[in-house]
2 protein chains.
Amino acid sequence: MSGGEFNSWQSVQAEVLRRINAREWKPGDFIPNEAELAIEFGCARATVNRALRALAESGLLDRRRKAGTRVSLNPVRKATLDIPVIRYEIEGKGQTYRHTVLTQERAVPPSGIQARMQVEQGIKLIHLVTLHLADGKPYVFGDRWINPAAVPGIEAADLTVKSANEWLVANIPFEGGDFSFSAITAGPREAEILACKEGEGLFVIDRSTWNKGLVITSVRLTFAPGYQMHTKI
Amino acid sequence: MSGGEFNSWQSVQAEVLRRINAREWKPGDFIPNEAELAIEFGCARATVNRALRALAESGLLDRRRKAGTRVSLNPVRKATLDIPVIRYEIEGKGQTYRHTVLTQERAVPPSGIQARMQVEQGIKLIHLVTLHLADGKPYVFGDRWINPAAVPGIEAADLTVKSANEWLVANIPFEGGDFSFSAITAGPREAEILACKEGEGLFVIDRSTWNKGLVITSVRLTFAPGYQMHTKI
DNA sequence: CAGGTTTTTATGTATATACTTATAGTCCAA
DNA sequence: TTGGACTATAAGTATATACATAAAAACCTG
């Protein structure tokens, strides 16, 4: 034992990874505890802790107090994906960005939205339909509901200049958000707005964000055919 | 100054978050350095470091040596999503899981797969089409290519018992993976396998995983209509 | 003043030590 | 045999200290 050349948490992490990959430690196995590993690696326990904590965060190890650390049995892989602002996404591809507001109104939301946003029945919300274009071609359109009670200042904002999303990101802090990703079949409305055929499969992101218990906004982004969201582990 | 009640990195993190949300520190602003915050909060610099590091990892702060720490200008929100094993996903909903192998063959892959998997032209790979069912109904089907050179033992495995994915997860370590999410329009083949109508929008995950420079497997999962992938920030 | 060198500084990390906390396991009593 | 109390243990965290490292800023020098 006591190799003694492990003097950074990254090197400890690499060695632990190596052992997992080499199946010296198999899925489900308990690995030695921090104190033992610290002795073996010739470093402080805090260094081992740092390495193992990072691996646990990425889902490769399961750690529980008193129980110990084990190699994940069913490694629920955690992919982290960046939720970009659409303008940056388009500009990042070297295309020119433009957006137009198709409709803007105050209206009582349909019951699905009303429930999702947890507002009382009959309350009017801001309803905004916008189209984002890349090099002049439809890229994605957003059907968005905003709760004005949760967004001071929204009434005064000119959302034709900055998109609603950008305005909200810049002006309203938020605690969290729900995302769901799915596919829909293009109906007449989607086909017209996105200039695609009826019956095409379209990628959809539904998102709501909230702050201090209030749902700020709920939006459905419907992307033009061919859109891909990409990520790596 | 020197409030002095911040004695855990979580409480420091909460206070920093509060200041960001309250716009005491605005996007783009530099915040005081670790040493100053440690004095103000009445804790050790390591504690401040732990709190700020976590916030930086989640994308809310930008940190650079010597330059300092600032509130992110365009907070690229990072959502982490769990990539589940399909069986667990189905069983987690209380449904019964079953899977069938539709076809299994060794074949030269089409050029797209061949390029993606970085194998030489003309090399035969294992091609596997499987259908996963929830409560007897089609849930998702997988069109998978496996590089046998990267997967010792796959020839001997009986993939009709355990699904290919489960077998691979349990037996072959991997370093990383590419994921992409998109929507397709159901053609005759998809409609038949998934028992849906032609022309419906279907959610699709394309994934390849690799280890030691070799692409192990590349799979396209095509989900039955209505599938949603969910995540929170 | 351009270009390179040195200094300064804020974050990054390692370590020993001490204490906290969750909890698996054990023990005991009803 | 069950269920609650106790205990031992492994991870989790805080702290002071020291040093490493990247990079901005200041300083030369030709």
Side-chain angles (χ1 to χ4, degrees), chain A residues 1-17 19-20 25-73 75-76 78, chain B residues 1-17 19-20 25-73 75:
Chain A
M1 296 293 165
S2 82
E5 318 79 7
F6 298 101
N7 48 351
S8 78
W9 70 268
Q10 288 95 334
S11 67
V12 170
Q13 191 186 49
E15 171 61 11
V16 171
L17 263 176
R19 292 187 188 184
I20 292 173
W25 294 336
K26 299 193 227 1
D29 285 1
F30 279 100
I31 75 175
N33 70 39
E34 291 186 351
E36 288 165 1
L37 286 177
I39 292 170
E40 187 192 340
F41 290 150
C43 66
R45 183 168 79 88
T47 307
V48 174
N49 180 283
R50 180 82 167 81
L52 298 188
R53 182 159 42 80
L55 289 172
E57 274 167 15
S58 76
L60 218 66
L61 294 177
D62 283 331
R63 321 194 73 201
R64 293 236 310 282
R65 279 176 175 166
K66 158 75 183 176
T69 300
R70 58 163 69 192
V71 181
S72 289
L73 205 47
V76 175
K78 283 173 188 177
Chain B
M1 294 290 168
S2 81
E5 318 80 4
F6 299 100
N7 49 351
S8 78
W9 71 266
Q10 288 96 334
S11 67
V12 170
Q13 191 186 48
E15 171 62 10
V16 171
L17 261 176
R19 293 187 187 184
I20 292 173
W25 295 336
K26 298 193 233 348
D29 284 2
F30 280 99
I31 75 175
N33 69 40
E34 292 186 351
E36 288 165 1
L37 286 177
I39 292 169
E40 187 192 341
F41 292 149
C43 65
R45 183 169 80 86
T47 307
V48 175
N49 180 282
R50 180 82 167 80
L52 298 187
R53 183 158 43 80
L55 289 171
E57 273 167 16
S58 76
L60 219 64
L61 294 177
D62 283 332
R63 323 194 71 202
R64 284 213 348 260
R65 277 179 175 161
K66 159 76 186 177
T69 300
R70 57 164 69 193
V71 181
S72 289
L73 251 179

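Every chain is numbered from 1 and lettered A, B, ... according to where its sequence line falls, protein lines coming before strand lines.
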Legend entry - Pairwise 5' ranking along DNA chain C for A:C43 and B:L52, keeping only the more 5' one: B:L52

Legend entry - Euclidean distance, atom CG of residue B:L37 to atom C1' of C:dA10 [Å, nearest integer]: 12 Å

Pairs of donor and acceptor atoms involving the side chains of residues 44-56 of chain B, under 3.5 Å and at least two apart or interchain, shall be tabulated with distances.
residue: B:R45; atom: NH1; partner: B:E34; partner atom: OE1; Å: 2.6
residue: B:N49; atom: ND2; partner: B:E34; partner atom: OE2; Å: 2.9

Inset, instruction - May I have the distance from B:E36 (atom CD) to C:dA10 (atom P), rounded to whole angstrom? - result: 7 Å

Legend entry - Nearest non-hydrogen partners of B:C43 and B:F6, listed with the distance: CB-O, 3.3 Å

Legend entry - Those residues that, when tested against B:D29, pass side-chain contact (heavy atoms from CB on, under 4.5 Å) (two or more places apart): B:K26

Inset, instruction - Would you mind reporting whether A:V71 and A:L60 have side-chain heavy atoms less than 4.5 Å apart? - result: no

Legend entry - 5' priority, DNA chain D, between A:G68 and A:R53 [closest heavy atom]: A:G68

Legend entry - By side chain to side chain donor-acceptor pair (under 3.5 Å) - contacts of A:E15 (at least two apart): A:R18, A:R19

Inset, instruction - Check side-chain contact (heavy atoms from CB on, under 4.5 Å) between B:Q10 and all other residues, then give those that pass, not counting sequence neighbours. - result: B:S8

Inset, instruction - Would you mind reporting whether A:L73 and A:P27 have side-chain heavy atoms less than 4.5 Å apart? - result: yes

Inset, instruction - Answer yes or no: is there a side-chain heavy-atom contact under 4.5 Å between B:I20 and B:L61? - result: yes

Inset, instruction - For A:E34 and C:dC19, give me the distance from atom CD to atom C1', rounded to whole Å. - result: 15 Å

Inset, instruction - Select base, sugar-phosphate, or nothing to describe what A:Q10 touches, counting heavy atoms under 4.0 Å on all strands. - result: sugar-phosphate

Inset, instruction - Could you tell me whether the side chain of B:S72 reaches within less than 4.5 Å of the side chain of B:D62, counting heavy atoms only? - result: yes

Inset, instruction - Could you grab the distance from atom CZ of A:R63 to atom CD1 of A:I31, nearest 0.5 Å is fine? - result: 7.0 Å

Inset, instruction - Give the rounded distance in Å between these two atoms: CG of A:N33 and P of C:dT23. - result: 18 Å

Legend entry - Nucleic acid contacts - residues 44-51 of chain B versus DNA chain D, non-hydrogen atoms under 4.0 Å: B:A44, B:R45, B:A46, B:T47, B:R50

Atom pairs, N/O to N/O, protein against nucleotides 24-28 of chain C, distance under 3.5 Å?
residue: C:dA24; atom: OP1; partner: A:R64; partner atom: NE; Å: 3.4
residue: C:dA24; atom: OP1; partner: A:R64; partner atom: NH2; Å: 2.1

Legend entry - Those residues that, when tested against B:K66, pass side-chain contact (heavy atoms from CB on, under 4.5 Å) (two or more places apart): none

Inset, instruction - Figure out the CD1/C1' separation between B:I31 and C:dT11, and round it to whole Å. - result: 12 Å

Inset, instruction - Walking along DNA chain D from 5' to 3', note the first and the last nucleotide with an atom under 4.0 Å from a heavy atom of chain A, and give both. - result: D:dT9 to D:dT13

Legend entry - d(CD, B:E57; C1', C:dT11) in whole Å: 14 Å

